[in-house]
Enquirer: 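Please find one structure pasted underneath; my questions will follow.
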Amino acid sequence: MTTTVLKNISEIRRFFHRNEDPVYFISATNFNLLGLDEWVKNFKYICYIDCYGGKHPNVFCPSEQPHAEFQSIEDINNYLLQHKEVIDYIKRRGGKPKFVFLMFDEETERLSKELGADVWFPKAKLRQSMDNKIETVRIGNKAGVPSVPNTLAEVKSYEDLRKTCEKAGIGHDLVLQSAYGDSGHTTFFIKSEEDFRRHEHEIVGEGEIKIMKRIDCRGSAIEACATSQGTIVGPLMTELVGFKDLTPYRGGWCGNEILATAFPPKVRQQARDMTFKFGEQLRKEGYRGYFELDFLIDKKTGDLWLGELNPRITGCSSMTNHAAFAHADAPLFLFHLLEFSRKKFKLDVDELNSRWANPDMIDSWSQMVIKHTADTVDICTEAPETGIYKMLEDGRVVYDRFDYHRRAVESENEAFFLRILQPGDYRYEGADIGILVTRGRSMTKAFQLNDRAAKWIHGIKQSVAGKPLPVAAAGPALAEPAFKIM
């Protein structure tokens, strides 16, 4: 019996169009892999939050059951995998289930095995080790992809930090990052002893810390997929970071833009080359599949530095997988699924990467993650629902119609909004209200929020209302979650 080998994009697309085994993306929401269900037959989303009010045909949300307070996305997924309605849903649909996640741990793997499912990602243990920001520096060094001038050391005191930096020759205007965590919560800007004292409890005793020279830089993101045929590289995207209209966290990610001209051609090509080299090193380390790199671009010199590795899909995956090249060829995540399907395929990765580097393969979009930025806590009574919104000539934002396709957005005066905050939820500083996706840019050429973006943000926030908490409910019990859900 001969084994068929998929030899081109057309055959790969047909393979997934005729897929019989159920594939499930299990997460808090379906945001990260928005639209993948239209590329892969039998692809379904199992979510904790129903962003669509039951109107999305491929999203399954079980009823709320008592559970311990969630500390992570992994906790949410493990809750879902033990939910009777989820178990019944998976068994009822039959087949040999395949699971993909944004985040998972060894408990998730155990629960998946109990359900007879394969997890189509590298092992949690490997992902965890790769997710270590210290390890990222080491892998980058092996691949010839340099990080911002840095040193890796345990920090015992401010005086100890100064000595370490003098020895490394990186000065005393610093950015410190602990090994794990969301950059909005675990990145510390230290220029003085006063700065250090403010964050001392989050630095001392945390083991090896990445200590970087602070540079005036611009953030960017790029996603790729390490396959048996080589590393396939997506487009370089801008990052929205720390905008006070969107997030209360200094240094906190709050969106992306994808457009062909955001960076000079030389920077785009250098980022692609570095990502390819990093991916090839990941393959040597035993990792395969989807990953994302953050690059920092020095505003003064134009130098490109490795920021961090996310060994998974991310908050910008929906941007990558909806770009023009994805519609012309296939979404990047399809190659991840192909890699784990064990189906033999043969691709000219160099030719594909060259084609995807063409500016004509990129159309202009932006996404903004809108959080509650005020230092207040109340209960949400109204929140804008998922769908298409319009901006009127006077700048007001109004709901137009329900849709779950972002491509339904026809002009820069329309936007797709995905609701996260639900009526009845607590609204606290840092709570996610939702994600707004528009055509065109949300930033100026100087990388500040543009007027149009500010109007969109204001319009969405104006549609959210809340009521005061009952007196007994206020207090430490409502501390914000220390994790983001996307």
Enquirer: Can you confirm if the aromatic rings of Phe70 and Tyr48 lie within a centre distance of less than 6.0 Å?
Expert: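 Tyr48 vs Phe70: aromatic centres under 6.0 Å.
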Enquirer: Checking side chain to side chain donor-acceptor pair (under 3.5 Å) against Tyr290, which of Asn310, Asn321, Thr314 comes through?
Expert: Asn321
Enquirer: State whether Phe340 and Arg288 meet the cation-pi test: NZ (Lys) or CZ (Arg) under 6.0 Å from the six-membered ring centroid, and within 45° of the perpendicular axis.
Expert: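 Yes, Arg288 lies over the aromatic ring of Phe340.
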Enquirer: Taking the six-membered ring for Trp and the single ring otherwise, decide whether the centroids of Tyr24 and Tyr45 are under 6.0 Å apart.
Expert: no
Enquirer: Could you tell me the separation between the CE atom of Met486 and the CE atom of Met103, rounded to the nearest 0.5 Å?
Expert: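 Interatomic distance, Met486 CE to Met103 CE, rounded to 0.5 Å: 13.5 Å.
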Enquirer: Start with the C-alpha distance between Glu257 and Thr238, add both sets of side-chain angles, then the distance that settles side chain to side chain donor-acceptor pair (under 3.5 Å), and finish with yes or no.
Expert: CA-CA 5 Å; Glu257 296 174 317; Thr238 67; 3.0 Å; yes
Enquirer: Rounded to the nearest 0.5 Å, what separation is found between the OG1 atom of Thr301 and the NZ atom of Lys299?
Expert: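 It comes to 12.5 Å.
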Enquirer: Are Lys142 and Glu285 close enough for a salt bridge, meaning some N to O gap below 4.0 Å?
Expert: yes
Enquirer: When rounded to the nearest 0.5 angstrom, what distance separates CE in Met237 from OG in Ser220?
Expert: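 Met237 CE to Ser220 OG: 9.5 Å, rounded to 0.5 Å.
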Enquirer: Can you name the side chain to side chain contact (heavy atoms under 4.5 Å, CB included) partners of Ser354, sequence neighbours left out?
Expert: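 Partners of Ser354 by the side chain to side chain contact (heavy atoms under 4.5 Å, CB included) criterion come out as none, since no residue qualifies.
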Enquirer: side-chain contact (heavy atoms from CB on, under 4.5 Å) with Leu293: which of Val233, Leu309, Leu236, Val145?
Expert: Leu309
Enquirer: Consider only side-chain N and O atoms of Asp363 and Trp365, and report whether a donor and an acceptor are under 3.5 Å apart.
Expert: yes
Enquirer: Could you report the tightest heavy-atom contact between Val409 and Phe416, atom names first, then the distance?
Expert: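 Smallest heavy-atom distance, with atoms named: CG2-N, 3.4 Å.
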Enquirer: With ring centroids as reference points, do Phe101 and Phe121 lie under 6.0 angstrom apart?
Expert: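 For Phe101 and Phe121, the ring centres are not under 6.0 Å apart.
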Enquirer: Cation over ring, Arg441 on Phe447, under 6.0 Å and within 45°?
Expert: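 Checked: cation-pi criterion met.
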